[in-house]
Protein chains: 2
Amino acid sequence: MMLIDDRKKLILKAIIDSYIDTAEPVGSRTIARKHGIGLSSATIRNEMSDLEERGFLEQPHTSSGRIPSDKGYRFYVDQLMSKKELTPREIQQIKEALKMRIGELGQLISQVSAVVSDITKYTSMAMTPQMNKSVLKSVQVLPVDFDKMLVIVITNAGVVKNSLVRAPVIPSPDSLQKLSSMLSLNLGGVMLDNINIDDLIQKMKTETNLDNETAICIANGISDCLCQVFASDVYLEGTSNIFNFPEFRSVPKAKQFFDILNTKKILCAMMRMSVENGGIKVRIGTENEIKEIKDYSVVTTTYVLNDQIMGSIGVIGPTRMEYAKVIASLNYIRKAISKELMQIMELGPGGPR
Amino acid sequence: MMLIDDRKKLILKAIIDSYIDTAEPVGSRTIARKHGIGLSSATIRNEMSDLEERGFLEQPHTSSGRIPSDKGYRFYVDQLMSKKELTPREIQQIKEALKMRIGELGQLISQVSAVVSDITKYTSMAMTPQMNKSVLKSVQVLPVDFDKMLVIVITNAGVVKNSLVRAPVIPSPDSLQKLSSMLSLNLGGVMLDNINIDDLIQKMKTETNLDNETAICIANGISDCLCQVFASDVYLEGTSNIFNFPEFRSVPKAKQFFDILNTKKILCAMMRMSVENGGIKVRIGTENEIKEIKDYSVVTTTYVLNDQIMGSIGVIGPTRMEYAKVIASLNYIRKAISKELMQIMELGPGGPR
DNA sequence: GATTAGCACTCGCTGTCAATGAGTGCTAAC
DNA sequence: GTTAGCACTCATTGACAGCGAGTGCTAATC
């Protein structure tokens with residue numbers, strides 16, 4: 001029989017709740033005693049045996065209680081667990097973090113990420129997005145010194161990057177201004193991916209009276225700015241939270257976890273595979289495509305601005321995770337950030353050419 | 001007798017070398033056998049007893065070998081240890097990290113920091129400096145959008161920060177340019193600490209025809225930029241290295257270490273107390289003023305540009321640290337970074353008013 | 001027919017105890 | 001002054017028994 005009757009569900013939920021709480025294999029007596037289901041341990045035992053047979057539970061060794069399998073957790077997340085609400089205090093915490101309105105996007109995100117790890121007690125990750133689909137808005141070149149200029153690039157998402165470049169000859173402020181207008185005119189509205197630096201150098205030389213070397217310097221500055229936009233930063237918070245969990249009592253386990261956290265590639269991959277749009281993605285143990293984290297659960301979400309993904313934020317922890325709480329937190333934060341972003345900058349339209 | 005004869009020195013050095021290598025309390029036989037001093041274990045035993053009495057060694061318990069005390073390490077660092085050179089490979093590694101010439105100072109530093117932790121196998125820290133003694137060079141305000149401006153601040157150390165501000169009315173490009181000139185003229189050469197935002201608002205209103213609200217927005221932008229300059233970032237690399245050391249085999253120990261690393265305040269304090277100028281500072285165990293790290297050793301150095309401290313970089317690890325190697329690395333890196341900085345930007349003079 | 005009491009069995013965990021061995025301090029001989 | 005020798009200390013290890021939480025199975029009960 002494929003269907004799982006209500007009593008089995010109740011018992012499975014009780015087992016997983018208990019295991020999430022204590023990290024101890026759950027025995028039939030515990031369930032019979034604590035959760036007033038009104039059944040004897042023997043009955044529970046039989047049910048547990050069934051649940052194990054169907055793959056929702058596992059037994060670490062013959063004479064111990066059961067622990068949930070990945071499949072068990074999945075079923076729990078999809079159908080069993082009780083939804084959780086954030087406490088007013090937690091909501092307050094999030095709002096305060098957002099209120100700080102820190103200039104740079106990255107800082108805002110890492111702030112929020114810290115709150116997430118504080119609320120959930122897990123390790124949280126946050127990533128700024130891959131911006132290569134966004135669109136350039138304006139380029140400015142300013143004189144700084146007798147031998148230095150500042151190149152500034154602004155994208156339609158409000159991201160500003162700059163690069164200080166040195167050049168043998170610095171054009172007059174006036175001609176730099178003309179150059180800036182020309183660059184903004186030419187590049188404004190172009191998708192970052194489509195910007196060709198070599199073409200740019202050509203154009204600078206033909207459309208202005210820049211000498212070759214200076215043009216190259218400026219182009220390098222622009223290219224450097226674009227690189228900065230492309231680079232997606234990853235922020236980690238609450239890494240030492242894992243020491244609170246008994247499953248990391250052993251040093252090799254802890255080391256393995258930290259090695260994962262220190263491998264940016266893995267982190268990025270985790271975040272990249274975040275949900276397409278909107279919702280919250282829960283990946284439990286072996287559901288993770290990345291083999292290094294097949295013993296962990298990862299919950300991620302993305303926040304958007306004008307339908308453009310502006311980044312993602314998530315939580316990593318043991319498969320025995322308080323999914324209800326984590327999901328509630330991320331859901332709230334997702335909406336809050338998206339709203340906040342919208343408020344910070346109401347952008348004009350201007351899609352890619 | 002206060003003086004320590006050469007034989008005692010030899011033995012002490014052998015003991016500390018061995019303990020640094022193995023983390024095992026060192027017995028008299030080990031020293032007699034391995035390091036061809038040509039003395040019997042009994043003799044060594046007597047010497048060790050003396051050294052303990054004088055506070056250079058300690059005994060974890062009655063019938064075990066000796067381990068160095070903080071005082072022992074201090075003596076070792078000051079007088080005993082053999083100087084070490086970096087291998088060509090390591091030098092190569094450092095040069096490559098520097099060669100990447102990453103735009104922002106912070107990124108360069110964190111790169112180098114990563115190499116340090118890689119070479120030394122300890123956890124490395126790097127900090128950008130407190131810049132409030134540096135001097136403002138230029139302020140620029142650019143129009144960005146129908147309701148947004150970009151405020152850019154450049155210091156004499158070549159640090160560039162920007163802030164995107166929204167204002168109800170955006171002055172014409174022309175008047176913004178005039179405003180920029182006026183701001184640069186007024187603030188250029190002023191030490192960041194001495195900039196008073198309220199005065200600035202007044203001046204903006206009297207010297208230009210800005211309305212109150214816009215002036216405040218711009219002043220906020222400048223203030224935000226200054227905050228960014230003041231904020232000294234801390235970078236950590238190689239945190240998971242500590243799992244390689246037997247002294248962190250116990251989870252509480254490891255947790256304690258990570259808690260320290262996650263407390264920015266402690267880190268900053270550690271780095272701040274770096275050496276006044278030039279050299280390398282070694283703080284062993286209880287020599288650390290900060291009680292949380294009295295079980296660790298911290299080695300730090302600073303790198304300079306035009307006699308101005310541009311930041312510090314350091315290593316934290318068990319008191320049983322390979323001081324020779326760490327010092328060699330930091331020394332090399334200190335010089336290399338300072339040289340690199342000088343090369344990147346040869347600054348004009350322009351001291352504080 | 002489902003539920004439950006009872007029982008034999010499994011197996012990880014804990015505590016005890018003796019053996020081991022690395023190390024010391026001390027004394028007497030070299 | 002140096003060293004061989006010896007008695008002593010003490011952390012570590014492994015073996016072993018007892019405990020207890022838990023299971024599966026069977027037979028009695030509702």
Side-chain angles (χ1 to χ4, degrees), chain A residues 1 3-12 14-16 18-19 21-69 72 246-247 249-250, chain B residues 1 3-12 14-16 18-19 21-69 72 246-247 249-250:
Chain A
M1 194 56 199
L3 212 67
I4 297 199
D5 63 52
D6 285 354
R7 196 174 71 179
K8 279 200 173 55
K9 283 186 187 173
L10 204 65
I11 290 172
L12 182 56
I15 293 171
I16 298 186
S18 163
Y19 187 71
D21 191 39
T22 65
E24 297 289 322
V26 186
S28 53
R29 275 201 71 205
T30 318
I31 299 300
R33 248 185 299 122
K34 272 170 72 173
H35 309 264
I37 307 185
L39 290 173
S40 79
S41 68
T43 312
I44 308 270
R45 219 141 52 222
N46 292 330
E47 295 287 38
M48 283 167 87
S49 184
D50 285 4
L51 286 166
E52 184 179 357
E53 204 167 326
R54 298 203 200 177
F56 294 102
L57 296 177
E58 284 168 1
Q59 229 174 346
H61 51 265
T62 338
S63 74
S64 82
R66 305 299 207 293
I67 63 174
S69 67
E247 37 267 84
R249 266 177 333 198
S250 95
Chain B
M1 195 53 197
L3 212 67
I4 295 198
D5 64 52
D6 284 354
R7 197 175 70 177
K8 278 198 175 51
K9 284 185 188 175
L10 204 65
I11 290 172
L12 183 55
I15 292 171
I16 299 186
S18 162
Y19 187 70
D21 192 39
T22 66
E24 298 287 323
V26 187
S28 52
R29 275 201 71 204
T30 318
I31 300 301
R33 245 184 301 122
K34 272 171 74 174
H35 309 264
I37 307 185
L39 291 173
S40 79
S41 68
T43 312
I44 308 267
R45 219 142 48 222
N46 292 330
E47 296 286 39
M48 283 167 89
S49 186
D50 286 3
L51 286 167
E52 183 178 358
E53 205 166 325
R54 299 202 198 177
F56 294 102
L57 295 178
E58 284 167 2
Q59 226 175 349
H61 52 264
T62 337
S63 72
S64 81
R66 305 299 206 295
I67 62 173
S69 67
E247 38 267 84
R249 264 178 333 196
S250 94

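Reminder, nothing fancy here: chain letters follow the sequence lines and each chain counts from 1. What you see is a predicted model, and the numbers here were worked out from it, not measured in a lab. What you see below is based on every heavy atom in this structure, not just the backbone, and it leaves out hydrogens, waters and symmetry mates.
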Open item on the list: What is the separation between atom CD1 on A/I44 and atom P on D/dA21, rounded to the nearest whole Å?
Closed with: 18 Å

Open item on the list: Tell me whether A/E52 is salt-bridged to A/R66, with the criterion being a basic N under 4.0 Å from an acidic carboxylate O.
Closed with: yes

- [ ] Mind calculating the distance between CD (B/E58) and P (C/dG23) to the nearest angstrom?
- [x] 18 Å

Open item on the list: Between B/T43 and D/dT2, is there a contact of a side-chain N or O with OP1 or OP2 at under 4.0 Å?
Closed with: no

- [ ] Check B/E247 against B/A23 and note the closest heavy-atom contact, atom names and distance.
- [x] OE1-CB, 4.1 Å

TODO: For A/I44 and A/A32, work out which heavy atoms get closest and say how close.
DONE: CG1-CB, 4.2 Å

Open item on the list: Could you report the tightest heavy-atom contact between A/Y19 and A/P25, atom names first, then the distance?
Closed with: CE1-N, 3.9 Å

Task: Value in whole Å for how far the P atom of C/dC9 lies from NE2 of A/H61 - done: 19 Å

TODO: Round to a whole Å and report the spacing from CZ of B/R7 to C1' of D/dT3.
DONE: 12 Å

Tabulate atom names and distances for all N/O pairs under 3.5 angstrom spanning the protein and nucleotides 24-26 of chain C.
residue: C/dT24; atom: OP1; partner: B/R66; partner atom: NH1; Å: 3.4
residue: C/dT24; atom: OP2; partner: B/S28; partner atom: N; Å: 3.2
residue: C/dT24; atom: OP2; partner: B/S28; partner atom: OG; Å: 2.6
residue: C/dG25; atom: OP1; partner: B/R66; partner atom: NH2; Å: 2.8
residue: C/dG25; atom: N7; partner: B/R45; partner atom: NE; Å: 3.3
residue: C/dG25; atom: O6; partner: B/R45; partner atom: NH2; Å: 3.2

Open item on the list: What is the separation between atom CG on A/L39 and atom C1' on C/dT4, rounded to the nearest whole Å?
Closed with: 10 Å

Open item on the list: If I take atom CG in residue A/D5 and atom P in nucleotide C/dT3, what distance separates them, rounded to the nearest angstrom?
Closed with: 10 Å

Open item on the list: Quick check: do B/S49 and B/N46 have side-chain heavy atoms less than 4.5 Å from each other?
Closed with: no

TODO: In whole angstrom, give the distance that lies between atom NZ of B/K8 and atom C1' of D/dT2.
DONE: 14 Å

Task: From A/L12, A/D50, A/I16, A/I15, residue fulfilling side chain to side chain contact (heavy atoms under 4.5 Å, CB included) relative to A/F56 - done: A/L12

Open item on the list: What is the separation between atom CG on B/D6 and atom P on D/dG1, rounded to the nearest whole Å?
Closed with: 17 Å

